[in-house]
There are 2 protein chains.
Amino acid sequence: MSNACFAYAHVREAISQQIIEQHLTGSLPSERELCATYDVARSTLRQALGQLEHMGLIYRKNRSGWFVCPRKLKYDPMQHTSFLQYTTAQGFQPSTKLVEQKKLKPCKEIAAALELDARTSLTSILRVRSVDGRAVVVENLNFSNKHLPDIDKHDLSLSISILLKNTYHQHNVLYDVTVESCCLFNPIAQLLDTYDGALGLKVTRIVRDKDGIAFEFDREFWRHDALMIENKAKLHF
Amino acid sequence: MSNACFAYAHVREAISQQIIEQHLTGSLPSERELCATYDVARSTLRQALGQLEHMGLIYRKNRSGWFVCPRKLKYDPMQHTSFLQYTTAQGFQPSTKLVEQKKLKPCKEIAAALELDARTSLTSILRVRSVDGRAVVVENLNFSNKHLPDIDKHDLSLSISILLKNTYHQHNVLYDVTVESCCLFNPIAQLLDTYDGALGLKVTRIVRDKDGIAFEFDREFWRHDALMIENKAKLHF
DNA sequence: CCCACCAATTGGTACATACCAAAAAAGGGC
DNA sequence: GCCCTTTTTTGGTATGTACCAATTGGTGGG
């Protein structure tokens, strides 16, 4: 129905209907096959596929074809729960890989956010987190060594929220969170098994202790099709 | 720097650097001019422009060219403040246009969210909201007539949050909010002065009274480049 | 000076083609 | 049956061309 006045829109609607009505999963036919099916040029087909990708209905894995998207992960960036916890609660199989860990001085953005001077030492890590074997987010976490002494001595591939609770007694932390759409470039795109220029969602987070002192600055680069930000009202009866 | 191993990436970096370093505003040269400047085919150039668009650096207005994006609006969908209030607080000139108002029965999604049966009457409105003359969001608000009697008798082009406070004494409402990236299709794309298939952010909101009874269901379709979701921690000293 | 009309420009759509590198599939040896 | 090599397929990149409709800018008349 509706917007079939252009070829790409017609192809888009046809494929989308196929996927939704027949509950397709797994991979789509090859681009050249689909071109033949819908009798359009490859560039036109790719325009249609690109829009279905932006809808979060399909995605491409590296250079090995198009796949129907699995269901989205629901995620509340304001909530102080661990990745393991909220993924398993939704029936996903989570995993985390620590890609890099180093000490560095804060960039301008971090210095301003954490109110640190440029000489302060930070522990910075890069992690890739997956659900059901699909990489969904690259995390860059930056900890102030002054506020979290010897944090680099711990295994930072595990849950940070549990580490903060158990070792540093940070039970009631506060978050300043922003979410915006972004573009994923290499090398982050490669870590997410996607292409240079893919669509993403960027979550930044400043973590404060109960007195409002900021000690952590995070950047999360999500596959745009992997998550739905959710913030449920908390009722107080 | 970095990813200049492909032509589109080189063009993308070059244009992005130009815009950022020289603080360009307003319109870019025509596509055919840019093709000549960077010596690439038009489709390659458009790929680069498309990625800059996804970065939120440039946007296209209808079919009249490419423009540098104005700064983003910061928006907290959990906050119970009016559009007028938070836009002016950030130095924008807001305006709202009521496009449509009608009574209808709830669709499946709304019936489930508001826990209504299919016969309940809803007042549904469609509004376009702009900042500095640029349409940024299309709102579809749905009110339960049962919970908000005679709401269709009021001027619904004005602030709903003020109407709820003053007329219906809803001072402490609760929100269930979700945010996800989406694709904007006609006719919504046209209302936002953009193209069929443009990138967007979809915010859905269920509004409840202080007892948790849901009485309103909203869908907001934002230009993806117009906003940054922001949720600041509230400190309690 | 303003307005209506016209011509040139421009973005949106669409196609055909080509090449490359990576991935998948097929084949062959153990 | 398993592993390694070769062939084929496939997605990613890139170009050139073409046409249309909407917008824009200029021109001329009132």
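What's counted below: heavy atoms across the whole structure, side chains too, no hydrogens, waters or symmetry copies. Numbered from 1 within each chain, the chains take letters A, B, ... in sequence-line order. Just so we're clear, the structure is a prediction, and the values are computed from it rather than from any experiment.
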Discussion item. Let me spell it out: for each of A:Arg63 and A:Gln47, pick the nucleotide of DNA chain C with the closest heavy atom. Which residue's pick is nearer the 5' end?
Written reply: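 First, find each residue's nearest nucleotide; the 5'-ward one identifies A:Gln47.
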Grab the [atom1]-[atom2] distance between [X] and [N] for me, whole Å please.
X: A:Tyr195; N: C:dA23; atom1: OH; atom2: C1'; value: 19 Å
X: A:Glu33; N: C:dA25; atom1: CD; atom2: C1'; value: 14 Å
X: A:Lys61; N: C:dA23; atom1: NZ; atom2: P; value: 12 Å
X: B:Tyr8; N: D:dA14; atom1: OH; atom2: C1'; value: 12 Å
X: B:Leu49; N: C:dG11; atom1: CG; atom2: C1'; value: 11 Å
X: B:Tyr59; N: C:dG11; atom1: OH; atom2: P; value: 14 Å
X: B:Asn186; N: C:dG12; atom1: CG; atom2: P; value: 13 Å
X: A:Asp39; N: C:dC15; atom1: CG; atom2: P; value: 8 Å

Item to complete: Locate the shortest heavy-atom distance separating B:Ala226 from B:Arg134; write the atom from each residue and the value.
Response: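 Looks like CB-NH1, 4.4 Å.
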Practice prompt. Heavy atoms only: give me the nearest A:Val203-A:Val179 pair and the separation to one decimal.
Written response: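 Smallest heavy-atom distance, with atoms named: CG2-CG2, 4.2 Å.
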Item to complete: Ignoring hydrogens and angles, state whether a donor on the side chain of B:Thr178 or B:Thr204 is under 3.5 Å from an acceptor on the partner side chain.
Response: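 Note: B:Thr178 and B:Thr204 side chains meet the donor-acceptor criterion.
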Give a yes/no on whether any side-chain N or O of [X] is located under 4.0 angstrom from OP1 or OP2 of [N].
X: B:Ser43; N: D:dT15; value: no
X: A:Ser64; N: C:dA24; value: yes
X: B:Asn62; N: C:dG11; value: no

Fill in: Geometric cation-pi criterion, A:Arg63 with A:Tyr195: 6.0 Å, 45°
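So A:Arg63 doesn't make the cation-pi contact.
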Worksheet item: How do B:Thr44 and B:Arg32 order along DNA chain D: which one's closest nucleotide is nearer the 5' end?
Response: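 On the 5' side of the pair lies B:Thr44.
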Worksheet item: A:Val40 side chain: which of D:dG11, D:dA14, C:dC15 is closest?
Response: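 Of the options given, the side chain of A:Val40 lies nearest C:dC15.
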Worksheet item: The side chain of A:Arg42 lies closest to which of these nucleotides: D:dG12, D:dG16, C:dA23?
Response: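 Minimum distance to the A:Arg42 side chain belongs to D:dG12.
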Practice prompt. Check whether any side-chain N or O of A:Asn140 sits under 3.5 Å from a backbone N or O of A:Ile125 as a donor-acceptor pair, and report yes or no.
Written response: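 At least one qualifying donor-acceptor pair exists.
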